[in-house]
Chemist: 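Sharing a structure here in structure tokens format.
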2 protein chains.
Amino acid sequence: MDRLLQMEVFAAINDSGSFVQAANRLRMSPPAVTRAMNALEERLGVQLLTRSTRQLALTDAGARFLDASRQLLFDIDTAEKQAVGETGVAQGHLTVSASMTFSQMIAAPVVRAFLASHPRISVSLVAVDRVTNLVEEGIDVAIRIGDLPDSSLMAKRLGMVRRLFVASPDYLDRRGIPSEPSDLKLHSIIGFTGIMPSHDWHYKTKAKRGHVHLHPRLDVNDAATALAAASAGEGITMALSYMVADQIRSGTLVPVLEEYTPHAVPIHLVYAQSKLVAPKVRAFLDFSADRLRTKIEGTDMESL
Amino acid sequence: MDRLLQMEVFAAINDSGSFVQAANRLRMSPPAVTRAMNALEERLGVQLLTRSTRQLALTDAGARFLDASRQLLFDIDTAEKQAVGETGVAQGHLTVSASMTFSQMIAAPVVRAFLASHPRISVSLVAVDRVTNLVEEGIDVAIRIGDLPDSSLMAKRLGMVRRLFVASPDYLDRRGIPSEPSDLKLHSIIGFTGIMPSHDWHYKTKAKRGHVHLHPRLDVNDAATALAAASAGEGITMALSYMVADQIRSGTLVPVLEEYTPHAVPIHLVYAQSKLVAPKVRAFLDFSADRLRTKIEGTDMESL
DNA sequence: TCCATTAATTCCACTTTTTGCAATAATCAA
DNA sequence: TTGATTATTGCAAAAAGTGGAATTAATGGA
């Protein structure tokens with residue numbers, strides 16, 4: 001039984017507050033966590049954690065060992081990175097997180113290309129629509145949309161993202177191009193709950209602000225479906241700029257009411273620390289940054 | 001593969017200078033050492049050691065990682081001891097070293113009693129006739145005969161040891177009691193090469209000094225055999241005091257020429273460090289010190 | 001140059017450990 | 001008491017680790 005893993009399990013239990021969550025965090029089964037913890041206590045000959053099914057409490061010895069464990073795990077990680085330095089082979093397992101849609105539409109192809117060119121690296125692409133905690137959830141790189149809070153994380157800017165109304169050229173030929181928000185009431189709207197959960201659209205420009213209540217004829221919660229419908233000329237839908245960058249470039253979709261959707265937020269590649277980046281992480285950052293930028297650019301603020 | 005063991009193997013290889021010796025030190029097989037080293041390099045993605053059958057050399061990364069490993073292994077050991085503190089159960093494996101004869105005659109019975117009263121501890125009793133290096137050879141407790149050099153080791157004094165001539169009472173009745181060294185020439189000598197490799201005995205008292213050349217009729221390299229012969233009345237032999245303590249107490253053997261064999265040296269239980277002694281070591285020290293003292297005392301200098 | 005020697009490595013059959021699922025036990029809130 | 005949740009154990013399958021023997025490689029001496 002790996003003694004370092006025992007310490008990692010012990011730390012994870014205390015971080016997450018339960019055996020099951022520690023198991024998830026470490027991608028182990030709950031029995032494995034139980035056994036690791038038992039083995040650690042057995043080996044040290046002292047109880048570290050008094051536990052019932054509903055309550056966990058550190059013993060004195062446990063509290064002492066927990067502090068030491070955290071420090072040691074950090075030291076070991078540092079030592080390994082320092083020793084390896086720049087010379088190391090990019091290998092091992094990499095965990096990348098992004099929002100569900102971004103992951104599907106943008107990140108996945110880049111990750112697949114990355115896997116193809118780095119045979120010794122495996123990747124977990126975690127698609128979750130919430131802000132992830134890199135260290136706690138063991139994520140190496142996250143793609144974050146929105147302004148970044150100050151933090152100890154490093155970030156590479158990939159571009160800007162904003163919400164856009166889009167429709168196909170033939171639809172606009174048939175139904176006309178809306179020139180102000182209220183015109184939308186005369187149009188066929190394809191609702192996308194992922195971006196616009198309510199059907200009220202609040203807009204704000206330099207000149208004016210207001211809102212329209214939209215009545216979608218079709219309402220879906222999947223970006224690809226909404227965009228397919230829009231491309232087929234079924235109506236106007238709202239999308240995030242990166243989702244439609246390609247179609248706008250190729251002319252399959254056309255943005256409308258652009259002056260009413262100016263608010264753009266940055267999108268970043270985010271990763272922990274600045275020094276001692278593991279080769280696998282460095283490799284992913286180097287590989288993906290340009291590719292992601294290319295995929296994202298073209299429909300952001302500057303294109304207005 | 002235990003990552004800590006990998007670091008231990010790496011350190012041991014560098015300490016001992018070869019895979020085979022590292023294997024011996026860690027009580028592993030050479031294949032296991034090779035595999036641990038390969039796994040470590042594989043995991044880090046960098047070569048630590050360039051090796052041929054005759055030459056080992058650290059790479060730059062290896063040198064960095066070696067320093068860090070040694071420090072970390074020490075830190076982990078410390079952390080575990082600190083966390084466990086006094087509360088820990090005495091358990092695990094204990095390695096005790098002593099000279100061949102002391103081990104057989106004195107230490108082994110005490111170790112057996114210790115095992116019986118500490119079911120969770122196992123013991124390696126290493127009987128070697130050389131000074132062992134506690135840390136390098138992974139020995140927890142050593143029994144040392146002779147003056148101790150200043151060192152970082154802790155010691156418990158068990159008593160004094162000196163060389164003695166002994167014979168059985170009936171032999172002395174028959175052949176007379178020697179009163180000075182030259183009388184030995186008229187006696188039947190049982191040589192014991194363990195204590196007296198040459199047959200020249202150099203003696204020195206306050207009054208005089210000199211030497212006699214002895215002609216043993218029987219010469220053995222095993223203490224038990226020599227003492228058995230002496231007990232059977234076959235002659236005079238030289239023994240270390242602890243070997244004959246019991247027989248002298250019981251009268252089976254009688255020391256002779258005591259004024260010519262005054263030089264006594266101390267005997268100690270030696271162990272590493274003063275703080276953070278592992279419970280298993282503490283238990284052995286507590287258990288064995290008195291018992292060993294009892295077995296040793298009675299024929300040392302003070303009994304003259 | 002070749003050979004004997006020594007040390008690391010690989011091969012292989014075997015043993016031990018580890019694994020996760022499913023069932024169970026324990027706890028607490030309602 | 002019940003229901004929900006969580007830790008633990010039993011068990012069979014899978015994986016990893018094991019050391020002895022054979023192999024390979026390097027080196028110093030003949």
Side-chain angles (χ1 to χ4, degrees), chain A residues 1-59 61-62 65-66 91-93 122 124 136 138, chain B residues 1-44 46-59 61-62 65-66 91-93 120 122 124 136 138:
Chain A
M1 165 67 66
D2 187 319
R3 287 168 285 171
L4 242 45
L5 179 63
Q6 292 176 349
M7 290 166 67
E8 285 164 358
V9 166
F10 181 48
I13 291 171
N14 284 281
D15 288 346
S16 66
S18 96
F19 278 46
V20 174
Q21 284 179 56
N24 290 337
R25 163 108 60 96
L26 299 174
R27 288 157 220 275
M28 305 166 62
S29 67
V33 169
T34 291
R35 285 189 280 247
M37 209 42 228
N38 285 342
L40 177 58
E41 292 180 331
E42 170 73 13
R43 184 165 67 78
L44 296 182
V46 74
Q47 192 167 37
L48 302 174
L49 216 49
T50 53
R51 43 196 185 274
S52 74
T53 48
R54 291 299 182 90
Q55 208 106 14
L56 296 177
L58 281 170
T59 63
F65 193 62
L66 180 60
Q91 62 166 13
H93 191 82
S122 58
S124 293
E136 287 208 354
Chain B
M1 166 66 67
D2 189 320
R3 287 168 286 171
L4 243 47
L5 179 63
Q6 292 175 349
M7 289 166 67
E8 285 164 359
V9 166
F10 181 48
I13 290 171
N14 283 281
D15 288 347
S16 66
S18 96
F19 277 48
V20 174
Q21 283 180 57
N24 290 338
R25 164 106 61 93
L26 299 174
R27 291 159 217 273
M28 303 166 62
S29 66
V33 169
T34 291
R35 283 188 285 250
M37 208 44 226
N38 286 341
L40 178 58
E41 292 181 329
E42 170 73 14
R43 184 166 68 77
L44 297 182
V46 73
Q47 191 166 36
L48 301 174
L49 216 49
T50 54
R51 41 197 187 275
S52 75
T53 48
R54 292 296 183 92
Q55 205 107 12
L56 294 178
L58 280 170
T59 62
F65 193 63
L66 179 60
Q91 62 166 11
H93 191 82
R120 296 170 68 86
S122 58
S124 294
E136 287 209 353

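Within every chain, numbering begins at 1; the chains are lettered A, B, ... in the order of the sequence lines, protein sequences first and strands thereafter.
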Chemist: Which one, D:dT9, C:dT10, D:dG19, comes nearest to the side chain of A:Pro31?
Modeler: D:dT9
Chemist: In whole Å, I'd like the distance from the CD atom of B:Gln47 to the P atom of C:dT9.
Modeler: 10 Å
Chemist: Starting at CD of A:Glu42 and ending at P of C:dT18, how long is that distance when rounded to a whole Å?
Modeler: 13 Å
Chemist: Please confirm whether the shortest side-chain N or O distance from B:Arg35 to OP1 or OP2 of D:dA16 is below 4.0 Å.
Modeler: no
Chemist: Could you say whether A:Leu5 or A:Arg51 is positioned toward the 5' end of DNA chain C, judged by the nucleotide with the nearest heavy atom to each?
Modeler: A:Leu5
Chemist: I need the single residue from B:Leu5, B:Val33, B:Leu40, B:Asp15 that forms a side-chain contact (heavy atoms from CB on, under 4.5 Å) with B:Phe10. Which is it?
Modeler: B:Leu40
Chemist: For the backbone of B:Ala12 and the side chain of B:Gln21, can you confirm whether one donor and one acceptor N or O come within less than 3.5 Å of each other?
Modeler: no
Chemist: Heavy atoms only, 4.0 Å cut-off, all strands: where does B:Met1 land among base, sugar-phosphate and nothing?
Modeler: sugar-phosphate
Chemist: Output the rounded distance in Å from CD (A:Glu41) to P (D:dA7).
Modeler: 14 Å
Chemist: About how many Å separate CD of A:Glu41 and CG of A:Leu49, when rounded to the nearest 0.5 Å?
Modeler: 6.5 Å
Chemist: Rounding to an integer number of Å, can you tell me how far A:Asp2 CG sits from D:dG17 P?
Modeler: 10 Å
Chemist: On DNA chain C, compare the nucleotides closest to B:Val33 and A:Arg27; which residue's is nearer the 5' end?
Modeler: B:Val33
Chemist: Roughly how many Å is it from CE in B:Met28 to P in C:dA8, rounded to a whole number?
Modeler: 13 Å
Chemist: What's the CD-C1' distance between A:Gln55 and C:dA29, to the nearest Å?
Modeler: 13 Å
Chemist: Which nucleotide sits closest to the side chain of B:Ala32: C:dG20, D:dT18, C:dT9?
Modeler: D:dT18
Chemist: With a 3.5 Å distance limit and no angle check, can you tell me whether A:Gln47 reaches the backbone of A:Gly62 through a side-chain donor-acceptor pair?
Modeler: no
Chemist: What is the separation between atom CG on A:Asn38 and atom P on D:dT8, rounded to the nearest whole Å?
Modeler: 6 Å
Chemist: When every nucleotide of nucleotides 1-6 of chain D is labelled 5' to 3' by its protein contacts under 4.0 Å (heavy atoms), B for base, S for sugar-phosphate only, - for none, what sequence of letters results?
Modeler: ---BBB
Chemist: Strictly below 4.0 Å, N to O, side chains only: are B:Arg35 and B:Glu42 in salt-bridge contact?
Modeler: no
Chemist: Using the side chain to side chain contact (heavy atoms under 4.5 Å, CB included) rule, take B:Met28 and B:Val9 through it: C-alpha gap first, then chi angles, then the decisive distance, then the call.
Modeler: CA-CA 10 Å; B:Met28 303 166 62; B:Val9 166; 3.9 Å; yes
Chemist: I need the CG-P distance between A:Leu56 and C:dT27, as an integer number of Å.
Modeler: 13 Å
